[in-house]
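Here the structure comes first, spelled out in structure tokens, and everything after it is commentary.
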Amino acid sequence: MTEYAEKIISRREFMHQLLRHSGQTCAVLAGTGLFFPAESSRAGLFSNSSKLSDLLRDAPTARFWLSANAEGVNCLSCHTAAEKIEVKNHYNHGKAFVQCRLCAMECIIGPGEGGKCRTRMNVDGQLRTLVYGRPVSVHTDPIEKKPFYHFLPGSAAFSLATAGCPLTCKFCQNWEISQASPEDFSADFVPPERIARAAADRKAPVIAYTYNEPTVFAEYLIDIAVSAKKQGIRSVLVSCGFMNPEPLDELCDVLDAIKIDLKGFDKEFYRRVCGAELEPVLRSIRQIAKQGVHLEIVNLVVPTLNDSEEMLRQLILWVKNEVGPDVPLHFTRFHPDYQMRNLPPTPTATLERAFAMAKAEGLNYPYVGNVPGHPGNHTCCPSCGKIVIARSAFFVEEMHLKNGRCKYCDAEISGVWN
């Protein structure tokens, strides 16, 4: 297997392969009115006052938040018991603080300020979403690029993103939009129905919310998914999993599949490298599995940071014991980007070791990701061991399934196939 150690796919190589396989461009949708070129300055929050004013003009009130000055609010909604707050009567803070309850950051936001994700702003005591209807990147990708290997393989996924993310992962591959603010871009308002129509026009059976952290545009996502469902188009989410249970519950109601990035199995790794916490991600994975939404998990294996045998083993055992052996687990190759250009790409041998450990512990569908041509990209029947889906890079080359069962031994293969 180590003969694949030096192979890694670049974005340019991906586009060349895409054109060869599909015969049509799946790049940015120029000419559709759905691509808005980035003008990111990498400046701080709300740095461009003229563009911010334009955004605020149409920015709707967000969901999933509470006001500190609202009647009946429990002080412990924002404060912890350790602060030993004693309030006999309703406390008026003077300033109209709000707490965002969308993601696990639960930012407390003062008037005129924004949360850590930079996409939600307190305007006179009302939390407004600056990214509703403001996609900054729209592409059509193979669904395997997300990656989803057990959900409608070979399908085209109409993919979109806004600016913003609550995490600050130092290895982020889409930092130009995830670490940007909405006012860093020129983006016209695109209503949800228009996104659904555009996907239908492209004959894409799936809409994927991806690239940045889609949790930040949850309201927009939900409305798109509802509109798309009326046209028979399914919706999938590519997420870091750092959301609160109530919003995730609503997302599960409208989504058909969710892929979660479980970035490592160590609290300090999450805090130091991602600016986040591990437990909310584990909570989200459990919740998704419990609600029966198709789930896949990706672990980006970063050399020296989350690639120890002990950490990989703990992650594998947690997946097996908490969500079961049939959940696909992708071990994906890191390549240097953003603030981690000093590290080398992940040795393929490391990914192969993780793959072998997962198989040995009883996981049925582990994968080696971002190593084109590697046999770890194929889906094998856990019963007879034969290849039932053969892949090259992000493309399906052979399919040996019939009604979701192995053509060779008739064993059921976990997934959504039609």
Side-chain angles (χ1 to χ4, degrees), residues 1-8 144 146-151 153 241 259-267 269-270 278 281-282 285-286 288-289 294-334 344-392 398 400-401 404-415:
M1 286 186 173
T2 53
E3 63 186 282
Y4 300 94
E6 300 307 317
K7 288 189 177 182
I8 189 166
E144 284 76 15
K146 303 301 151 192
F148 284 103
Y149 277 13
H150 288 242
F151 186 86
K259 187 221 77 176
I260 297 294
D261 289 311
L262 181 51
K263 299 174 187 290
F265 209 76
D266 179 75
K267 292 179 181 179
F269 171 83
Y270 258 88
L278 170 61
V281 181
L282 301 181
I285 293 172
R286 291 190 196 99
I288 294 162
H294 176 77
L295 170 67
E296 303 199 23
I297 297 172
V298 167
N299 176 224
L300 181 70
V301 183
V302 185
T304 73
L305 295 180
N306 67 353
D307 62 343
S308 71
E309 185 166 330
E310 180 59 24
M311 195 185 299
L312 291 170
R313 188 174 304 282
Q314 287 181 10
L315 187 150
I316 290 164
L317 290 173
W318 187 90
V319 170
K320 175 186 174 182
N321 295 329
E322 295 288 339
V323 295
D326 286 336
V327 172
L329 176 57
H330 306 252
F331 297 102
T332 300
R333 192 180 199 189
F334 160 87
T346 315
T348 307
T350 303
L351 304 175
E352 291 170 351
R353 184 176 78 248
F355 177 95
M357 289 167 60
K359 292 290 283 186
E361 293 293 348
L363 295 193
N364 289 326
Y365 306 109
Y367 291 100
V368 170
N370 203 20
V371 185
H374 195 286
N377 282 295
H378 305 323
T379 298
C380 295
C381 173
S383 180
C384 69
K386 291 187 178 180
I387 295 173
V388 291
I389 305 175
R391 299 179 180 85
S392 175
E398 297 178 31
H400 303 288
L401 289 174
R405 307 187 78 89
C406 173
K407 280 188 177 180
Y408 303 106
C409 72
D410 200 42
E412 184 178 357
I413 307 299
S414 179

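The first residue in the sequence is number 1, and the count goes up from there.
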Taking the side chain as every heavy atom from C-beta outward, state whether [X] and [Y] have any pair of such atoms under 4.5 Å apart.
{"X": "Glu322", "Y": "Leu282", "value": "no"}
{"X": "Phe151", "Y": "Lys259", "value": "no"}
{"X": "Leu262", "Y": "Leu278", "value": "yes"}
{"X": "Glu361", "Y": "Arg313", "value": "yes"}
{"X": "Leu312", "Y": "Phe355", "value": "no"}

- Query: When the aromatic ring centroids of Tyr365 and Tyr149 are compared, is their separation below 6.0 Å?
  - Reply: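 No.
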Would you compute the distance between atom [atom1] of [X] and atom [atom2] of [Y] and round it to the nearest 0.5 angstrom?
{"X": "His400", "Y": "Thr379", "atom1": "NE2", "atom2": "OG1", "result": "11.5 Å"}
{"X": "Asp261", "Y": "Ile285", "atom1": "CG", "atom2": "CD1", "result": "9.5 Å"}
{"X": "Glu309", "Y": "Thr350", "atom1": "CD", "atom2": "OG1", "result": "11.0 Å"}
{"X": "Ser308", "Y": "Gln314", "atom1": "OG", "atom2": "CD", "result": "7.5 Å"}
{"X": "Leu329", "Y": "Leu315", "atom1": "CG", "atom2": "CG", "result": "6.0 Å"}
{"X": "Phe331", "Y": "Asp307", "atom1": "CZ", "atom2": "CG", "result": "12.0 Å"}

- Any side-chain donor near an acceptor of the partner, His378 and Glu398, under 3.5 Å: no
- Message: Under a plain distance cut-off of 3.5 Å, with no hydrogens placed, do His150 and Glu296 share a side-chain donor-acceptor pair?
- Response: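 Per modelled atom types, Glu296 and His150 side chains form no pair under 3.5 Å.
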Which heavy atom of [X] sits nearest a heavy atom of [Y], and at what distance?
{"X": "Pro382", "Y": "Asn364", "answer": "CB-OD1, 3.6 Å"}
{"X": "Pro147", "Y": "His330", "answer": "CG-ND1, 3.7 Å"}
{"X": "Arg333", "Y": "Val371", "answer": "CD-CG2, 4.0 Å"}
{"X": "Cys406", "Y": "Leu401", "answer": "N-CD2, 4.2 Å"}
{"X": "Cys380", "Y": "Ile387", "answer": "SG-CG1, 3.9 Å"}
{"X": "Asn306", "Y": "Leu300", "answer": "ND2-O, 2.8 Å"}

- Message: For Tyr367 and His374: C-alpha separation, side-chain torsions, deciding distance, then whether side chain to side chain contact (heavy atoms under 4.5 Å, CB included) applies.
- Response: CA-CA 10 Å; Tyr367 291 100; His374 195 286; over 6 Å; no
- Task: Could you please spell out the steps behind the side chain to side chain contact (heavy atoms under 4.5 Å, CB included) verdict for Phe334 and Asn370?
- Result: CA-CA 8 Å; Phe334 160 87; Asn370 203 20; over 6 Å; no
- Side chain Thr346, main chain Val301, donor-acceptor under 3.5 Å: yes
